[in-house]
Amino acid sequence: MEIEFIPLDYSAFDFNDENYVKIYGRSREGRRICLIDKIDAYFWAILQDGLSEKQIKHVMEKIEKIKVHSESRTTHVLKTELHEKKFLGQDVKAVKISITNYKDAPSVAGKIDFEEIVKRREHDLGTITHYIMSGKVIPLKWFKVSGDVLNKSGDFGGIDSAINADFVLKVGSIKESDKKSDELFSPKILAYDIEVDELEIGKGRILMISLYGGDFRKVLTWKKEGNDIDFVEHCKSEADMLEKFCDYIKTEDPDILTGYFSDNFDMSYIRERAKKLEVKLPIGLDSSQPRISGAKRQSAKIEGIVHLDIYKFVDVNYSQYLQSETLSLNEVAGELLSEKKLNFEFKHFSKLSKDEWNKFFHYNLQDSALTYKLAEKIWPDLMEFSRIMHKPLFDVSRDGMSTHVEDYILHNLYRFNEIAEKRPIHDEIGERRDREKYEGAFVLQPKPGLYENVVVFDFTSFWPSIIATFNLSRSTILEKKLKSCIIVDTGNKEFYFTPTKGFFPELLEEIIVKRKEYKEVFKKNPDPIVKARSNAFKLIANAAYGYQGFFGARYYCPQASASATAISRKFIKETLEKIKKSGREVIYIDTDSLIFVNQNKKTNKRYTAQETFHFLKELNSELPGIMELDLEDFYMRGLWVTTRSGEVGAKKKYALINENGKLKIRGFETVRRDWCKLARNLQNGVLRKILNEGNEINALQYTKEIIKKLKDRKIDSKDIIIKTQLKKPISGYKSKGPHVLAAEKMLKEGIPVDVGMLIEYYISEPKKDAKGKPNSRSKRIGNRVALIDDNKPYDISYYLNNQVLPAVENIFQVFGIETKDIIEGESQKRLF
DNA sequence: GGAGGTGACGTACC
DNA sequence: ACCGGTACGTCACCTCC
């Protein structure tokens, strides 16, 4: 039988103590297919230099005799082959050791402690990664597969009769489809969401489960309410509801089952309840139950169906581009879909009225609907990530950036004939984490002020372009200086790199080139797949620099990172001098961007756009390799302020307005979620007015109005709420700030508190003693925290002196105005 | 008991 | 445990006078 096939999910299994992979996917016709393929289990032993043929033969014979016994099986070496390979760019002779079971590769490797073997490698890969590295079946690409259909033949112990697929096929040959292998595939998605009466897993019951698959809409419940809602289906009991949930997954037959935070919450909750109620959850295509692994960061895997937790993917790949202050379903859907959750006020379910129950069902369904739509929205990115990084959807949706970078490298090593480096072992990780920090990028101290006619230049893909241009990597670093090598002076130490391109810099250069290419293609043809592809390359490129300094990296090389930052400082400073030399005044620099006044300081001549582009071209002609400077935008005005303590200009804090009146605010309290809305909105208004109008007059008036409102207690209660994240368990805090005390207060009132939660509170007036003086406990701000429902008056003095004034003071200082004097003057005037 | 320094902490920038 | 360093600012907590 021959079919066209797209792989979606992988899982490994053993038969007769050997390794096989089940690859679940669809045919062109939409049939559910499961392929079975043999995994070639092997790893490498790198030989000592200069061994004789006889010595090599002797070692290989020794290796062939190795056997490893465990309780359930014996693994032995099938064969050994001698290969000419590369390791970290060096030519090596290596023995390919094929074994019966890859799971025992580490144990077999452990027995090869002969002195002729200098290194053992590729025994520490995940089984599926090891399989995919063979390059045979790339996730989410189309393949032409031929092979034998297992038709209750008893092959593999009759595995096919246990798999819920249209065909189970034993792979004969497989190759990439000659038709467009990268075209869009639309998976069948089913979203789910649960509502419970107690948030803590294991404590409460599941009240309802919603399912949403486009046309398919369902809320399952064992409660009696909701009779007049068509999508509500009543179950006899909670156990019955869980069984129906499984039944619907079976009949809907989705490729992707998706939830929001479902790894840590929904699926874990369902599993706990199922355990307690003694219900089986046979939703896997082999009728297995969901498997939940990991402790703090759990993941729930379903055999054959991709369980997708959208929260994780959003966290890793979107959060830095989102405005949302939290990654709650409500905020993320609001920003990505312009659609929100339904309003629903949670109460104990025993207190819900008929009407409120009906709302609850709609609320529950809407959550699944939003999750479904988010899944559709992120699908192009998921698919392209999967294709580009050669990773199954399950992993691509859960892994962090460093793992993405590493997997991209691993899956491209074959092109360089490279054997993969090992993962660091425990002691190494400890050492790496204890290493001294290396010096980072350059940040220029700005001179506070309001500037006009401002331009921003920035380096495109700064870090990767430096790494690629100067060949900075683990496999290219030299122990000593050679006659012709790249010398990097970090100011502290010198590092040397070979000029022969290494695989890491080369891959990076390729990534940058591809990114540029697809960005151009997208400009001409705005196809979401092309955009997703360009985006995937951008993300890998940006993370590659951090990867080399990351303690867990296989290709860890802090010297390369330190060299990259040293080179970055050199070029940004050189560019600074060139801009200055052109007569322009540079206001600010951070890492890869330079902000300057686009006019000659002496002659006051304003440069035209054309002259600016010409200048840019000139600067670019002097840059090496693939380093490139780009024009980010022209701005009408820009504002820089001093730090709160001292006279110097504050770094990482500025506001710009471009020629279309669009603001770009960085670092100011306006963009910080741990400041109250009152201060943030005021500061935003002040900045907007100043940048628009070029002076502070209206901004000052506005500030006075807000302060009057504050003093008159006319501020909306939601604008005084301060939100701070609880980053660790309460007991882990040495110094308990207001948010920690607020969290303690919540616990006392029976409100559940979790690590990672945004704690919301406000500051109330101090308690006074008999004489009317604030008591000494009140000095600590934490002792005055109030929760939203506390209904205590807010502390005017705190909000004035600790929120409002700090947010605007140094802005007005730029214009020589001491806000405090003015405010006090005003209040004195009023007093008299 | 107020001033001032320092460490812990959270968040932002690139 | 799940990419790096740089930087600002608040609050708690301590020492000092």
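Labels below follow one simple rule: chain letters A, B, ... track the order of the sequence lines, proteins then strands, and each chain is numbered from 1. FYI, side chains are in, hydrogens and waters are out, and symmetry mates aren't considered; it's all heavy atoms of this structure.
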For A:Glu574, is there an ion pair with A:Lys570 - N to carboxylate O distance below 4.0 angstrom?
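Yes, A:Lys570 and A:Glu574 are salt-bridged.
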Under 4.0 Å protein heavy-atom contacts per nucleotide of nucleotides 8-17 of chain C, with B for base, S for backbone only and - for none
SSSSSS----
How are the rings of A:Tyr588 and A:Trp640 set to each other: parallel, tilted or perpendicular (split at 30° and 60°)?
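If you compare the ring of A:Tyr588 with that of A:Trp640, the planes turn out tilted.
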Under 30°, 30 to 60°, or over 60°: which ring-plane class applies to A:Trp463 and A:Tyr545, parallel, tilted or perpendicular?
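Rings of A:Trp463 and A:Tyr545: parallel, as their planes differ by under 30°.
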How many Å lie between CZ on A:Arg432 and C1' on C:dA1, as a whole number?
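Distance, rounded to whole Å: 13 Å.
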Looking for any heavy atom pair under 4.0 Å, which part of the strands does [X] touch: base, sugar-phosphate only, or nothing?
X	result
A:Arg435	sugar-phosphate
A:Gln548	nothing
A:Gly667	sugar-phosphate

Residue-phosphate contact under 4.0 Å: A:His739 side-chain N/O, B:dG10 OP1/OP2
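The answer is yes; a side-chain N or O of A:His739 sits under 4.0 Å from OP1 or OP2.
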Side chain of [X], heavy atoms from C-beta onward: which of [options] has the nearest atom to it?
X	options	result
A:Asp590	C:dA1, B:dC14, B:dG10	B:dC14
A:Asp592	C:dT6, B:dC14, C:dG4	B:dC14
A:Val443	B:dG10, C:dT6, B:dA12	C:dT6
A:Phe551	C:dG4, B:dT11, C:dT6	C:dG4

With a distance cut-off below 6.0 Å to the six-membered ring centre and an angular limit of 45° from the axis, does A:Lys664 pair with A:Tyr635 as a cation-pi contact?
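No cation-pi geometry.
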Tell me every residue that passes side chain to side chain donor-acceptor pair (under 3.5 Å) with A:Arg432, counting only those two or more places apart in sequence or in another chain.
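If we apply the side chain to side chain donor-acceptor pair (under 3.5 Å) test to A:Arg432, skipping adjacent residues, there are no hits.
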